[in-house]
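The first residue in the sequence is number 1, and the count goes up from there. Computed from heavy atoms alone, side chains included, the values below leave out hydrogens, waters and symmetry copies. Keep in mind that this is a model prediction, so the values were computed, not measured.
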Amino acid sequence: MTATDLARHHSEDQIAVFPGFKLLYRRPKYPHARPEGAALSKFDRYVLSQLLVLFGFFSLILVAVLWINKAVSLFDRLIGDGQSALVFLEFSALGLPSLISILMPAAAFAAAIYITNRLNNESELTVMQATGSSPWRLARPVVVFGLFVGIMLSLLTHFLVPTSRYQLSVREAEISKNITSRLLTEGTFLHPSYGVTFYIGKIEPDGTLNNVFLSDRRNPARAVTYTAANAFLVREGEAAKLIMVDGLAQAYVDATQRLSTTNFSDFSYDISELNKGPTTPNRSEREIPTPEILRAGDDIAELTDATPVKVLREVHARFAAPFFCVATALIGFSTLLLGGYSRFGVWRQIGLALAVLIALEMLRGAAIKAMDGNIEFWPLMYAPSALGIGISAAFLFKSARPGLFRFRPSQGAA
């Protein structure tokens, strides 16, 4: 190749960006290389990888903050009832899928805001726009990111969250049936059943209960109060009994208004009767996976004692949630493309994005309330996602035309 051909070759590979500056690019090495717009380019894969990394980071932070707030009350309730730390960890793990599904749209929004702001600060978006990439083209990796997050949220809402909620309700029912562990708390007045009050002054290392107080007011006509110096919990198969030693029983009859007392050396009280109920609770519409709801049809409303409106609302809420992830990601990206460079940063754009997100969340709540009264309002469940995507499209349209809606002085003005 001659020097003239080499110069012509390089001149064809140059694009004038700004006066006095030229941006060089390389042609595809192979003529059969796929075109830039046919699939995800290097820039798309770069932005998508950054979005996924930041999405995982923000999800971890948000879940940790909210989980700590809930874990404190959960720990007090379980440990106070005499449960072990393993039960606390089990309950925490069963509650994580529901917690993650709630925070995923917010994490997608935060990741889109952060990455777009960083690309703006490092002038990467400016270079891409200078090469001819429109805002619609730049939004492609954000759309793919929103779809990816939506797919993960679909797996959670349709399968994992209903299953975890049902398992959590089953474990709560099992623990509530374990009356023995619930009573082993010293220095606290407990109410294991309606009309029953139980108190233990001290629990010895060998299992002896000291200074026991038991009040049974389940029968309004006859209230009985037991006090004993010592007591023992004994299990006979599935039954549990409280053996009280050296105590006093006081019975008050409401009809005669008389109080009778009886001293006893030992007395057996059946505490397994305090908590009767079904071992496995009936599932609600929120605890049934979507495929099972679709297969059962109208039978689900009969099995769960829920109205058809509640079942239909739950199904549409699960299908609408993934689209909301796409809307939040696009809002975070498109809003930061509005406006030009400012030494004050992009706080106005971030504030606008937060305002739009809060408005869409309020619209989601209003759509759920509207569907409680009329089953024909089910399209409102998808309205927040459609509105969010529409607002993002309007922002992209505006950023592609910076001079649109801008005041221009007349030629005669000074």
To the nearest 0.5 Å, what is the distance between CG on L248 and CG on N263? 5.0 Å
L336 vs I350 side-chain heavy atoms within contact, under 4.5 Å: yes
Show, in sequence, the C-alpha distance, side-chain angles and deciding distance for Y199 and N211, and conclude whether the side-chain hydrogen bond (donor to acceptor under 3.5 Å, both in side chains) test is met. CA-CA 8 Å; Y199 176 84; N211 301 326; over 6 Å; no
Quick one: does Q349's side chain have a donor or acceptor within less than 3.5 Å of a partner on L338's backbone? yes
What are the two closest heavy atoms between T328 and C325, and how far apart are they? OG1-O, 2.8 Å
Rounded to the nearest 0.5 angstrom, the OH-CG distance for Y269 and L233 is 13.0 Å
List the atom of P220, the atom of D254, and the distance in Å for their closest heavy-atom pair. O-CB, 3.9 Å
Under 3.5 Å, sequence neighbours excluded: what are the donor-acceptor pairs made by side chains of residues 92-119?
| residue | atom | partner | partner atom | Å |
| --- | --- | --- | --- | --- |
| S92 | OG | F88 | O | 2.9 |
| S98 | OG | R165 | NH2 | 3.2 |
| S101 | OG | P97 | O | 3.4 |
| S101 | OG | S98 | O | 2.7 |
| T116 | OG1 | A112 | O | 2.6 |
| N117 | OD1 | N121 | ND2 | 3.4 |
| R118 | NH2 | Q50 | OE1 | 2.6 |

Under a 3.5 Å cutoff, is there a donor and acceptor pairing between the side chains of S260 and R258? no
Identify the heavy atoms of S399 and L396 that sit nearest to each other, and give their distance. OG-O, 2.9 Å
For the pair N230 (side chain) and F232 (backbone), establish whether a donor and an acceptor sit closer than 3.5 Å, ignoring hydrogens and angles. no
Can you check side-chain contact (heavy atoms from CB on, under 4.5 Å) on L48 and V142, steps first, answer last? CA-CA 7 Å; L48 181 59; V142 182; over 6 Å; no
Show your working on side-chain contact (heavy atoms from CB on, under 4.5 Å) between T163 and E287 and close with a plain yes or no. CA-CA 6 Å; T163 304; E287 299 172 353; over 6 Å; no
Take atom CD of E204 as the centre, draw a 6.0 Å sphere, and report whether it contains more than 12 heavy atoms from other residues, nucleotides or ligands. yes
Mind running side-chain contact (heavy atoms from CB on, under 4.5 Å) on T225 and Y252 for me, showing each step along the way? CA-CA 9 Å; T225 301; Y252 176 77; over 6 Å; no
Using 0.5 Å steps for rounding, measure from the CZ atom of F198 to the OG1 atom of T188. 11.5 Å
So, does S49 use its side chain to make a donor-acceptor pair with the main chain of R45 at under 3.5 Å? yes
Are any side-chain N or O atoms of S392 and backbone N or O atoms of I331, one a donor and one an acceptor, separated by less than 3.5 Å? yes
Atom CZ of residue position F57 - does it have more than 12 heavy atoms of other residues, nucleotides or ligands inside 6.0 Å? no
From L52 CG over to F145 CZ, what is the distance, rounded to the nearest 0.5 angstrom? 6.0 Å
For residues F213 and I200, determine if any side-chain heavy atom of one lies less than 4.5 Å from a side-chain heavy atom of the other. no
Find the distance between CE (M381) and CZ (R318) and round it off to the nearest 0.5 Å. 11.5 Å
Might you confirm whether atom OH of Y226 has over 12 heavy atoms from other residues, nucleotides or ligands at distances under 6.0 Å? yes
Could you work out, with salt bridge (charged side-chain N to carboxylate O under 4.0 Å, His left out) as the rule, every residue matching E285, not counting sequence neighbours? none
Side-chain heavy-atom pair F395, L352 within 4.5 angstrom cut-off: yes
Under a 4.5 Å cut-off applied to non-hydrogen side-chain atoms, are L138 and L125 in contact? yes
Just wondering, are more than 12 heavy atoms of other shown residues or ligands nearer than 6.0 Å to CZ in R222? no
Using modelled atom types only, decide if a donor and an acceptor are shared between the side chain of S59 and the backbone of F55 within a distance under 3.5 Å. yes
What are the two closest non-hydrogen atoms of M244 and F264, and how far apart are they? O-CE1, 3.7 Å
Heavy-atom pair of closest approach, residues L153 and A321: CD2-O, 3.5 Å
Could you walk me through whether V224 and Q250 pass side-chain contact (heavy atoms from CB on, under 4.5 Å), step by step? CA-CA 6 Å; V224 183; Q250 305 176 62; over 6 Å; no
Is the Y382 ring parallel, tilted or perpendicular to the W378 ring (thresholds 30°, 60°)? perpendicular
Heavy atoms, side chains only, cut-off 4.5 Å: are F267 and I243 in contact? no
Enumerate, atom names and distances included, each donor-acceptor pair closer than 3.5 Å involving a side-chain atom of residues 353-368, sequence neighbours excluded.
none

With a 4.0 Å cut-off on N to O distance, would you call D270 and K241 a salt bridge? no
Return the CG to CG distance between L89 and L74, rounded to the nearest 0.5 Å. 10.0 Å
Scanning both residues in full, the closest heavy-atom pair of A370 with F377 reads O-CD1, 3.3 Å
Ion pair E314/K310, N-O distance below 4.0 Å: no
Any donor-acceptor N/O pair, S134 side chain to R137 backbone, under 3.5 Å: yes
Pairwise side-chain contact, V149 with L51, heavy-atom cut-off 4.5 Å (strictly under): no
Do F43 and V47 make a side-chain contact, defined as non-hydrogen atoms from C-beta onward lying under 4.5 Å apart? yes
